[in-house]
Amino acid sequence: FFQSNLSTETKNKQATITASERVEADQELNTKLDFFSDMAGDNMAVKEKERILDNENSKESKISIGEQVKRFNQGLRSQGKSSTEILESLLAKYENEEAVSVWVENWKNFLRLQAFAERKAPKEKKVIAQIIANANFASETSFTETLITLSESNELSDSTKQELLKEFKGYEIISVSEMDKALKKEKNRQQEIGRMILQKSSKIETIEKEIYDLERKLENQNLNPSERQRVEAKVKQKSKKIKKVKNSIAELKVNQKKEVAISLRDNFTAVLNKNGSRRIRISPTNFEITLPSNRLPFTNKKNIRSVNLALAFRTLKAFGMTDEFFMPTLAHGNVPSKKHRDMGHTILKGLGFNDDRILSNEEIKQLDKDLKKLKVIAPKESGETCLRLLGIYNKDEQIIDGGRLSVVLGLIRENRRISNGLFKEKLRQLMSCSMNYF
């Protein structure tokens with residue numbers, strides 16, 4: 001309002017002053033910047049470079065680690081790198097990345113396989129090298145698929161296949177997709193056995209008909225002695241053949257199981273049901289946990305956590321703690337709920353296990369030892385009492401205190417090498433600091 005009532009001359013004068021002040025301010029700012037630049041010197045350039053790199057790293061971090069591995073792998077292949085160079089580069093860059101730990105194990109096994117190939121004759125060495133070169137190093141099932149390809153190759157001798165089996169005997173299925181492939185292969189094997197039994201049964205029928213015809217021929221009284229002797233020898237020969245085929249069928253039936261199943265870990269069996277669902281059987285109780293359907297998208301985490309839940313469930317059940325940890329109660333043959341799976345994940349994560357893959361036999365042994373520490377506070381008491389004494393379980397509200405559980409699991413993880421006596425003392429110290437739990 002005031003500006004609009006000023007004279008034209010006054011307005012022009014103010015504009016001149018404002019412009020002059022702006023020029024002076026800009027000059028002062030530039031002087032200060034020049035001074036700062038002179039003082040900072042190369043540090044400014046270094047920091048600017050670091051800023052640019054940080055921006056680049058920020059962009060890269062937005063890409064999933066799995067996608068980064070795939071791109072890096074493709075880049076190495078496009079450069080014409082050998083399988084050994086690619087595997088060594090992948091390990092050097094991603095060995096400590098927890099998110100691709102399954103792939104890391106595969107890469108190490110591929111290098112072991114290459115070392116194995118070096119000991120073979122040139123022809124077999126070339127075959128193995130070519131199969132490795134065709135493998136997808138950015139796949140969690142790549143090594144298992146490579147072993148299957150090698151076992152089915154007609155260019156490798158039986159002795160080499162036996163050596164491979166012996167060399168990688170300790171290799172374990174570490175993903176649900178690998179487990180499914182192994183179950184499918186076992187199903188195909190069972191079906192093949194069934195076809196072989198039918199073929200041999202049909203062969204017996206054919207031989208029996210031949211024997212019947214020969215015996216009718218022997219009823220002919222006019223048959224000369226030499227011919228009779230020849231026919232009788234044929235009957236005897238064919239009868240022995242029938243006995244041999246029947247024995248072969250009996251052996252096949254022994255190998256033809258009533259169910260499609262594979263040994264997943266010691267005391268844990270993966271079973272394929274007729275409807276396509278899968279279940280994990282826990283020995284020696286034969287308690288079973290059914291896995292979520294694998295026919296729907298985004299079920300891999302549900303499946304892997306359900307499998308690992310079964311591994312922890314066995315030990316907790318032996319200690320009488322499953323009803324407290326898994327509520328509502330996880331019944332025999334049921335599919336674990338999200339709440340059940342989350343609790344299994346919490347326990348394994350709290351003890352420092354990576355449950356993005358199926359725990360190994362060695363890890364299961366360690367898990368058993370770790371969970372056994374929950375009983376140290378009162379070995380002769382029930383599992384529920386021990387959990388209550390530790391402040392993990394609230395009997396009145398029938399809930400698990402997640403924070404308290406995390407503290408106790410962390411204590412177990414950090415004190416694996418001390419005796420039960422010393423660990424019990426640490427638990428008592430923990431309890432004395434929080435008597436409000438008891």
Side-chain angles (χ1 to χ4, degrees), residues 66 98-99 101-102 140 172-180 183 264-265 267-273 275-283 285-361 363-364 366-368 370-371 374 383-384 387 392-394 397-406 408-410 412-413:
E98 197 66 34
S101 58
V102 172
E140 65 177 17
E172 298 173 326
I173 291 170
I174 55 179
S175 69
V176 174
S177 55
E178 285 183 10
M179 183 190 78
D180 288 341
L183 284 170
L264 187 63
R265 295 289 186 270
N267 300 311
F268 296 94
T269 303
V271 183
L272 180 65
N273 299 323
N275 63 2
S277 63
R278 294 83 32 90
R279 64 186 191 273
I280 305 298
R281 179 181 299 137
I282 305 169
S283 299
T285 61
N286 287 334
F287 185 91
E288 294 181 349
I289 290 177
T290 301
L291 303 186
S293 172
N294 61 344
R295 296 174 182 174
L296 299 173
F298 312 113
T299 57
N300 187 55
K301 183 172 286 187
K302 291 181 181 179
N303 277 280
I304 196 74
R305 288 192 176 176
S306 295
V307 172
N308 282 326
L309 167 62
L311 307 183
F313 190 91
R314 171 177 169 267
T315 303
L316 292 172
K317 190 171 181 64
F319 297 149
M321 297 179 177
T322 50
D323 289 345
E324 288 71 39
F325 276 114
F326 305 107
M327 295 178 289
T329 302
L330 179 56
H332 172 78
N334 281 9
V335 176
S337 66
K338 184 179 186 302
K339 188 177 179 181
H340 292 147
R341 297 193 302 270
D342 287 348
M343 178 53 71
H345 171 66
T346 297
I347 293 171
L348 294 175
K349 184 180 179 182
L351 291 171
F353 293 103
N354 173 20
D355 70 341
D356 287 334
R357 56 179 173 77
I358 301 173
L359 268 60
S360 67
N361 273 319
E363 288 173 320
I364 294 170
Q366 183 61 56
L367 176 63
D368 289 347
D370 289 346
L371 294 178
L374 295 173
E384 178 199 301
L387 293 177
I392 294 173
Y393 179 63
N394 186 315
E397 298 182 17
Q398 293 190 331
I399 60 171
I400 292 289
D401 185 324
R404 184 67 170 185
L405 174 62
S406 178
V408 174
L409 293 177
I412 292 173
R413 185 183 68 247

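Predicted model only: the values in this text are computed from it and were never measured.
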Q. Say you draw a straight line from CZ of F319 to CG of L387; how long is it, rounded to the nearest 0.5 Å?
A. 11.0 Å
Q.
Using side-chain heavy atoms (C-beta onward) and a distance below 4.5 Å, is D180 in contact with L272?
A. no
Q. What pairs with T346 under side chain to side chain donor-acceptor pair (under 3.5 Å), at least two apart in sequence or on another chain?
A. none
Q) Can you name the residues that form a side chain to side chain donor-acceptor pair (under 3.5 Å) with N267, not counting sequence neighbours? A) none
Q: Search all heavy atoms of L371 against all heavy atoms of L351 and return the closest pair with its distance.
A: CD2-CD1, 4.0 Å
Q. Can you find a pair of side-chain heavy atoms, one from D401 and one from N394, that are under 4.5 Å apart?
A. no
(Q) Using 0.5 Å steps for rounding, measure from the OG atom of S337 to the NZ atom of K302. (A) 11.0 Å
Q: Measure the shortest side-chain to side-chain distance between E178 and I358 over non-hydrogen atoms and say whether it is less than 4.5 angstrom.
A: no
Q. Residues two or more places apart in sequence or in another chain: which of them pass ring pair (Phe, Tyr, Trp, His ring centres under 6.0 Å) with F287?
A. F313, H332
(Q) For a quick test of reading the model, state the closest non-hydrogen atom pair linking L291 to M179 and the distance between them. (A) CD1-CE, 3.6 Å
Q | T322 vs L330 side-chain heavy atoms within contact, under 4.5 Å | A | no
Q: For residues T315 and D370, determine if any side-chain heavy atom of one lies less than 4.5 Å from a side-chain heavy atom of the other.
A: no
Q.
Are L309 and I280 packed together at the side-chain level, in the sense that at least one heavy-atom pair is separated by less than 4.5 angstrom?
A. no
Q | Any side-chain heavy-atom pair of L316 and I347 under 4.5 Å | A | yes
Q. If you take all heavy atoms of F325 and L405, which pair is closest and at what distance?
A. CE2-CD1, 3.9 Å
Q. Which heavy-atom pair separates P336 from I289 by the least distance, and what is that distance?
A. CG-CG2, 3.5 Å
Q: Locate the shortest heavy-atom distance separating E384 from E324; write the atom from each residue and the value.
A: CB-OE2, 3.6 Å
**Q.** Donor-acceptor pair, side chain of R341 and main chain of K301, under 3.5 angstrom
**A.** no
Q) Do the side chains of K349 and L409 get nearer than 4.5 Å, heavy atoms only? A) no
